[in-house]
Amino acid sequence: MTYLVQNWRSVGSLVVEHLWLTLSALAIALVIAVPTSILLVRIPRLRGPVLGLLGVLYTIPSLSLLVLLIPLLGLGYWPAVVTLVIYAQLVLVRNLVVGLTEIDAAILEAANGMGMNGWQRLIIVEFPLALPLLLAGLRIATLSTIGIATIAAFINAGGLGMLLFDGVRSSNQEKIVAGAIAVSLLAFGANALLRQVERWSRRGLDA
Amino acid sequence: MSMLVADELTKLFPGESQPAVDAVSFTVEPGEFIVLLGPSGCGKTTLLKMINRLYEPTSGRFFIEGVDAHDMPVTELRRRIGYAIQQTGLFPHLRIAQNIAVVPRLLGWPRERIEARIDELLDLVGLPREFRQRYPRQLSGGQQQRVGLARALAADPAMMLMDEPFGALDAITRTRLQDELMAIQRKLHKTILFVTHDIEEALRLADRVMVMKDGRIVQFATPLMLLAQPEDPFVAELTGASDLLRQLSLITVERALAHPGLQPSTDETADLTPLHPQDDLRLALTRLLSVGDEGLVVVEDGRTCGRLTLSHLQAVLRDPALLGAQR
């Protein structure tokens, strides 16, 4: 704890790095996952193969994936982001696909019968109804991204992982504890915040 | 001009040998309340869903106010036709006001007009305006169905399609909603196509009933005609046509009194339980039997307008002209 207090400036900049890595990876992951999910909902026979592939990617240990990408992307920020985006895909796509396909058929029939076109139905009806499940997926993805981003310090991507690796290298117990506490606080905070967003997205849906 | 003209409408679903709807032709006039009646699988819902093109006909055409529906953009066609279904299909994430406003929004109505319309519709279907801000789940089944009705009426469509809208409600709520739908219909004169498998509901609501079986129309006639002159053993069985009480329940006292074959009675003995001209003859018969008198006085607004006797009832049941007339 004393380490955190005494070095708040450098820890603070590591937190900012960690957040930046996490948020940019999640943003990119969402931009990929949303259209992918819509595609999988519209073309059901793609669902099995694509979710299977994402499942396989998800099982690769994160450290190996980071190292595997070094020959392609080198060290630093980008290979770390690519890795995080890949890990987030499975849970985001799976949750959004389930959210979109589980909508009551009567609701979709009403939407069509009232004269909505495909886009209007997606924006007015389908997406809002799938949002709670997407946000639940996003929360899980955020927590795992914060965790995996710690390991990304191994390939010089920065973030709070630096504290941990430095601590291990120099046998500095305080640094290790400080890093662990900081990452945990970050994860707790993100979890609490996203839970609130999820609750807001469910208004009207729970009786 | 006829509201709806169907010409040899056919729907054959892929992989099936029998068409769900088989070369069906009919005409519906503006303001008619048509009930599509038949057992499940008879094609009534399929026929209904062809009218707003949720199902595209395999062959045949239909015309709405003279225009071939196939030539209209499908979203435009649907926005012009009100649509209400059994499961209500209310959007659970939208408040009641937003649910009602969907079609007007799609049509690009200005905001003030939409807001005024929501209040007007809530009044019409008998829901308090405070319900605007509620979500569908916070309402009872009957209340949700009222919202479904308001939503279907939102853009003031000339035609409404209703697919067993009261099918999931308890008997008391269903009867109440039927009454209110009839009251609304007397006010608005929509052309309504209403699907049900409930014979009582069909006889109660319809100007004309379209009885369907195996994708074909078996008979398309007034409720009274179905009971009095079923064209098919199937119709007779379905409607229980031998049931005199049912026939009597569809004729008003007023109509029986106006029957030309009978002299108006002049006997004006005061009666403890006078009839009203709008009472049906089933009620009249029940009263006649329980009172044990030969006739009952008919009173409207304190004025005696006639005396109904058993011979009125007999004359009515023997008269095909009266049976053919609409209520």
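Keep in mind that the numbers below use all heavy atoms, side chains included, and drop hydrogens, waters and symmetry copies. Given the structure is predicted, the values throughout are model-derived calculations rather than measurements.
The candidate with the highest count of non-hydrogen atom pairs below 4.5 Å against chain B, out of A:N117, A:I124, A:V125, is A:V125. Ranked by heavy-atom pairs shorter than 4.5 Å toward chain A, the options B:Q86, B:R151, B:Q98 are led by B:R151. If you tally non-hydrogen atom pairs under 4.5 Å between each of B:L161, B:V74, B:L106 and chain A, the highest count goes to B:L106.
Heavy atoms closer than 4.5 Å to chain A are found in the backbone of B:L90, but not in its side chain.
Counting only heavy atoms from C-beta outward, the side chains of B:H93 and A:L131 never approach each other to under 4.5 Å.
Nearest heavy-atom pair, B:G89 versus A:A110, reported as atom, atom and distance to 0.1 Å: O-CB, 3.4 Å.
Judged purely by atom type and a 3.5 angstrom limit, B:R78 has no side-chain atom pairing as donor or acceptor with the backbone of A:M114.
For B:I172, the CD1 atom counts as loosely surrounded, since its 6.0 Å shell holds 12 or fewer non-hydrogen atoms of other residues, nucleotides or ligands. Under a cut-off of 6.0 angstrom, the local environment of CZ in B:F26 is crowded, with over 12 non-hydrogen atoms contributed by other residues, nucleotides or ligands. Around atom CZ of A:R203, more than 12 heavy atoms belonging to other residues, nucleotides or ligands sit under 6.0 Å away. In the displayed structure, B:F13 atom CZ is contacted under 6.0 Å by more than 12 heavy atoms of other residues, nucleotides or ligands. Within 6.0 Å of CH2 in A:W20 there are 12 or fewer heavy atoms belonging to other residues, nucleotides or ligands.
For residues 31-43 of chain A, the pairs satisfying side chain to side chain donor-acceptor pair (under 3.5 Å) are A:R42-A:E126, with sequence neighbours left out.
B:R105 contributes atom CZ, which lies 10.5 Å from atom CE of A:M116 (distance to the nearest 0.5 angstrom).
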Quick one: side chains of residues 49-66 of chain A, donor-acceptor pairs under 3.5 Å with protein atoms, not counting sequence neighbours, listed by atom name and distance.
residue : atom : partner : partner atom : Å
A:T59   : OG1  : A:V56   : O            : 2.5
A:S64   : OG   : A:P61   : O            : 3.2

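Interface with chain B: from residues 94-109 of chain A, residues A:A106, A:I107, A:E109 qualify, criterion being any non-hydrogen pair under 4.5 Å. Contacts between residues 46-55 of chain B and chain A, defined by a heavy-atom separation under 4.5 Å, are made by B:K49, B:N52, B:L54.
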